[in-house]
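Input: a single structure, listed below in structure tokens.
Order of the sequence lines sets the chain letters (A, B, ...), proteins ahead of strands, with each chain counted from 1.
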2 protein chains.
Amino acid sequence: MALDIEAPTGTDASPRVSISELRSALERGLPAAYILTETEQLRPYECDGLSAYRQIPRAVVLPDRIEQVQHILRVCHKLRVPVVARGAGTSLSGGSLPHAEGVLLSLSKFNQIITIDPDNRCARVQPGVRNLAISEAVAPYGLYYAPDPSSQIACSIGGNVAENAGGVHCLKYGLTVHNIISVTMLTMEGETLTLGSGGLDGPGYDLLAVLNGSEGMLGVIVDITVKLLPKPVVAQVVMAAFDRVDQGGQAVADIIASGIIPGGLEMMDNGIIRAAEDFVHAGYPVEAEAILLCELDGTAAEVAEQVAQVRTVLEQAGATEIRTSRDDQERALFWAGRKAAFPAVGRISPDYYCMDGTIPRRELGKVLNQIQELSRQYGLGVVNVFHAGDGNLHPLIMYDANQPGQLEQAEALGGAILELCIQVGGTITGEHGVGVEKINQMCVQFNTPELEQFHALKAAFDEYGLLNPGKAIPTLARCAEFGAMHVHGGQLPFPELERF
Amino acid sequence: MALDIEAPTGTDASPRVSISELRSALERGLPAAYILTETEQLRPYECDGLSAYRQIPRAVVLPDRIEQVQHILRVCHKLRVPVVARGAGTSLSGGSLPHAEGVLLSLSKFNQIITIDPDNRCARVQPGVRNLAISEAVAPYGLYYAPDPSSQIACSIGGNVAENAGGVHCLKYGLTVHNIISVTMLTMEGETLTLGSGGLDGPGYDLLAVLNGSEGMLGVIVDITVKLLPKPVVAQVVMAAFDRVDQGGQAVADIIASGIIPGGLEMMDNGIIRAAEDFVHAGYPVEAEAILLCELDGTAAEVAEQVAQVRTVLEQAGATEIRTSRDDQERALFWAGRKAAFPAVGRISPDYYCMDGTIPRRELGKVLNQIQELSRQYGLGVVNVFHAGDGNLHPLIMYDANQPGQLEQAEALGGAILELCIQVGGTITGEHGVGVEKINQMCVQFNTPELEQFHALKAAFDEYGLLNPGKAIPTLARCAEFGAMHVHGGQLPFPELERF
């Protein structure tokens with residue numbers, strides 16, 4: 001489609017195109033009512049789940065057909081206007097924070113489940129479909145969609161792909177990238193690409209994996225085929241309490257070492273235990289320094305065998321109390337506290353800042369002690385909840401935004417925790433993405449050639465850098481300003497590359 | 001490192017640099033004995049496992065240190081000389097076929113297992129380590145490396161990553177990409193990039209997934225950290241015979257639908273059954289039109305339960321005979337025929353051409369009938385062996401290279417089979433890669449914007465197209481010449497994209 005719009009000269013993003021010019025170009029392929037440009041209309045879109053950052057975009061567009069999305073992208077490409085795609089806006093790292101010069105592209109009207117194919121265990125859905133709505137729709141076939149971020153009641157599957165979302169069950173069943181069969185995306189030029197296929201492997205470069213977790217920087221997702229799994233026949237949760245956090249950490253390592261891969265393996269420290277128990281009355285032992293929740297799922301015989309094995313491991317690791325859920329109601333109760341951990345902390349602290357980092361499992365005890373040390377240094381309380389099985393930490397930093405300087409202090413403490421994760425051989429994200437939140441820490445995680453390679457890949461999809469500018473991958477200039485020392489890679493002493 | 005070499009002008013690959021000039025530049029960072037340039041020295045490298053294609057390179061280099069590889073790449077980058085990396089040379093799609101103007105970079109001397117880390121269930125290895133050598137080295141810890149291509153005794157882990165190799169067990173345990181934690185690669189400019197990390201997710205674009213299966217087009221792998229799994233306590237194989245191939249296909253669908261994911265699920269047709277039985281005397285029922293081998297692994301209780309379930313499904317699907325391996329010896333015997341299928345066919349046909357495509361499981365019966373129809377049309381016998389659980393077909397086309405025209409006829413039939421795979425919603429590779437073999441079918445599999453995106457991504461890693469030129473991704477000019485009709489994607493009728 002040739003657009004009758006004069007392109008601005010130069011290749012930089014976001015030269016000042018007048019709002020009326022932008023609106024009139026958009027209206028050629030989109031009902032006027034689908035284009036919001038008044039400040040009061042734009043306000044609801046000014047932030048996502050990371051509400052410390054707010055930005056009013058120039059316009060919000062609300063298309064309901066793929067051709068409209070294509071038109072929006074072509075207009076913005078021609079006019080060099082940045083585009084930020086948004087699903088449900090639940091990102092915890094500011095992935096869908098609007099751009100001041102840009103268009104916020106809401107995909108919330110794309111909320112249809114197109115086909116359910118039980119034979120091939122997959123479903124084709126639009127990007128705005130809520131994560132939980134997929135499992136609900138396929139439940140009559142005895143199937144479900146495995147990745148279950150805590151926000152699953154609200155977050156959209158398109159956002160899940162963009163952020164490569166995880167969840168309690170990703171230890172056993174994988175992240176979003178492991179549960180997506182194919183995606184249709186539009187490039188910034190409005191071209192249609194189908195990535196992935198029904199086969200286990202596919203020819204060509206694995207663009208589907210690149211798109212997963214690319215934080216809206218490479219393309220706009222318009223169609224997704226997800227993998228479905230049969231619901232396990234039986235699931236039971238074993239809860240264990242420990243007097244010391246490091247004992248809990250050791251128990252996690254021992255369970256994994258025993259060859260069992262639990263459906264979920266979560267750990268909470270005393271601060272979270274107390275907050276959650278106060279809130280949902282799950283029956284947690286509030287004196288414990290740590291509790292583990294270990295879910296086993298499968299057939300009846302398999303689960304019975306694994307529950308017995310796990311209980312033995314927990315006893316040997318020094319658990320002071322071990323309980324196994326007797327029925328699904330009790331299982332739900334055990335999980336209720338974990339799932340309500342974030343709002344529970346909201347009740348004991350005016351504000352909290354949820355971090356997300358990943359470390360090798362064996363470093364758990366050491367890292368927790370160092371987080372406590374950092375907490376003292378920065379003068380802010382930290383409580384911890386983890387996807388322990390895969391080493392994904394969620395320290396919650398408690399602060400009061402009404403106290404001058406506390407937000408900044410919380411952010412600094414968060415940065416220090418992320419850098420600690422890198423130092424022990426981990427990474428600065430487990431499942432929340434980088435967004436605007438962790439962009440400085442990317443300078444620590446990656447060396448210059450690695451960042452240059454990311455920028456080259458971005459340019460291969462989006463020549464003018466119009467898709468979600470300023471997120472996920474820092475410029476080299478920003479890293480120079482941040483003054484980060486890259487802590488591994490880079491000057492590798494061959495032949496013994498020290499990485500782990 | 002600044003190289004004191006004058007770069008040729010222009011940006012095209014492979015201008016004629018004299019061999020003495022090339023050799024002298026290489027010798028500045030590599031012992032002279034590591035550089036082969038005489039025809040008789042080069043001959044052993046003229047082909048890989050796809051021996052129908054042969055090409056003598058200009059030089060073969062045999063470095064044993066990473067700095068040497070870096071030097072080779074910098075020299076070749078500066079002089080615009082193509083580089084083809086080679087592990088064990090077992091590619092079945094010509095992935096490591098040399099380039100006439102280029103350097104063949106052998107990584108065979110990088111054959112050390114650097115560290116084994118049982119706590120974190122991983123091992124760091126050099127790229128030339130043989131696949132099976134990893135499992136052998138970690139066996140004392142009760143661990144193994146899961147992907148097991150048929151060539152595992154010979155093929156190297158670096159080649160496995162480059163081709164995203166599969167194997168009998170990849171249905172349950174994933175392809176290579178699912179079993180690699182991180183890779184250190186060198187870019188064509190000789191820069192070091194570390195891709196992936198110990199964490200489950202990682203920030204930045206997923207370059208590790210892109211590298212997997214990129215067929216040596218993006219970088220040279222110099223260090224790999226693989227995931228290790230605990231060896232299952234028990235494994236048993238159920239063998240079932242069927243009077244009709246489509247009954248076997250239905251049984252595969254039924255097993256998967258029952259919620260079981262077998263460790264392996266393989267099917268052979270009558271031609272293969274007879275050839276394999278003659279060769280290894282596995283006790284296969286030679287009158288059967290199809291046999292299924294279904295391996296169940298796990299704990300004793302789990303396997304016992306699943307064996308019973310699978311036997312019930314097989315009976316209902318109309319199996320004429322069902323046998324369960326009584327011990328590991330019998331299990332090995334059941335597998336022996338399957339694992340020897342290729343050499344067994346070598347005994348009944350002067351030559352054979354092994355194809356590799358993937359289809360949705362439900363299309364198995366239909367596709368097999370159409371392959372038989374194509375076999376009649378082209379006048380060449382075809383026998384079939386499949387990784388049935390994941391829809392990966394390996395039709396073996398039997399021909400006689402000494403009969404004029406038969407090789408060409410076999411290739412044409414192979415191409416027709418691949419296009420059939422695409423038509424039913426599958427892909428042209430399951431685990432062997434595209435290489436030179438299937439490059440024309442890439443024009444059928446992908447539309448123009450998709451191919452353009454592949455080229456853009458390639459250029460983001462390798463500006464001058466020096467790494468393994470002419471493989472995996474066809475130029476648009478080649479597709480125009482091949483005259484392929486792209487059969488899906490492209491002109492998608494929105495909003496109902498017809499893909500499956």
Please look at Glu431(B) and chain A and tell me whether the side chain, the backbone, both or neither of the residue comes under 4.5 angstrom of a heavy atom of that chain.
backbone

Most contacts with chain A, counted as non-hydrogen pairs under 4.5 angstrom, among Val210(B), Asp206(B), Ile428(B), Thr429(B)
Thr429(B)

Part of Leu211(B) within contact of chain A (heavy atom distance under 4.5 Å):
neither

Nearest heavy-atom approach of Gly298(A) to Pro232(A) is N-CB, 3.9 Å

With a 4.5 angstrom heavy-atom cut-off, which part of Ile473(B) approaches chain A: side chain, backbone, both or neither?
side chain

If I measure from the heavy atoms of chain B, does Lys231(A) come under 4.5 Å with its side chain, its backbone, both, or neither?
neither

From the list Ile256(A), Leu143(A), Asp119(A), the residue making the most non-hydrogen contacts under 4.5 Å with chain B is Ile256(A)

Between Lys458(B) and Met217(B) (side chain of the first, backbone of the second, donor and acceptor by atom type, cut-off under 3.5 Å), is there such a pair?
yes

Top of Gly204(B), Ala209(B), Pro203(B) for chain A proximity - count of heavy-atom pairs under 4.5 angstrom:
Pro203(B)

Sort out for me which of Glu305(A), Glu191(A), Glu302(A), Gln453(A) touches chain B most, counting heavy-atom pairs under 4.5 Å.
Gln453(A)

Residues, nucleotides or ligands: over 12 heavy atoms within 6.0 Å of Leu229(A) CG
yes

List the residues meeting side chain to side chain donor-acceptor pair (under 3.5 Å) with Asp254(A), not counting sequence neighbours, and say none if there are none.
Gln250(A)

Indicate yes or no for a side-chain donor-acceptor contact from Gln126(A) to the backbone of Ile114(A) under 3.5 Å, with no hydrogens or angles considered.
no

Residue Leu457(B) versus chain A: region with a heavy atom under 4.5 Å
both

Non-hydrogen atoms of chain B under 4.5 Å away: do they reach the side chain of Ala301(A), the backbone, both or neither?
both

Quick one, Thr358(B) and Leu393(B) - any side-chain contact, counting heavy atoms below 4.5 Å?
no

Hits for side chain to side chain donor-acceptor pair (under 3.5 Å) against Tyr173(A), two or more places apart or cross-chain, chain-then-number order -> Asp297(A)

Could you tell me whether a side-chain N or O of Thr184(A) sits under 3.5 Å from a main-chain N or O of Val222(A), the two making a donor and an acceptor?
no

Could you tell me which portion of Ala253(B) (side chain, backbone, both or neither) has an atom closer than 4.5 angstrom to a non-hydrogen atom of chain A?
neither

So which part of Leu207(A) gets closer than 4.5 Å to some heavy atom of chain B, the side chain, the backbone, both or neither?
side chain

Sidechain-backbone polar pair: Lys438(B) side chain, Ser93(B) backbone, donor-acceptor under 3.5 Å
no

If you tally heavy-atom pairs under 4.5 Å between each of Val434(B), Leu218(B), Val303(B) and chain A, the highest tally belongs to Leu218(B)

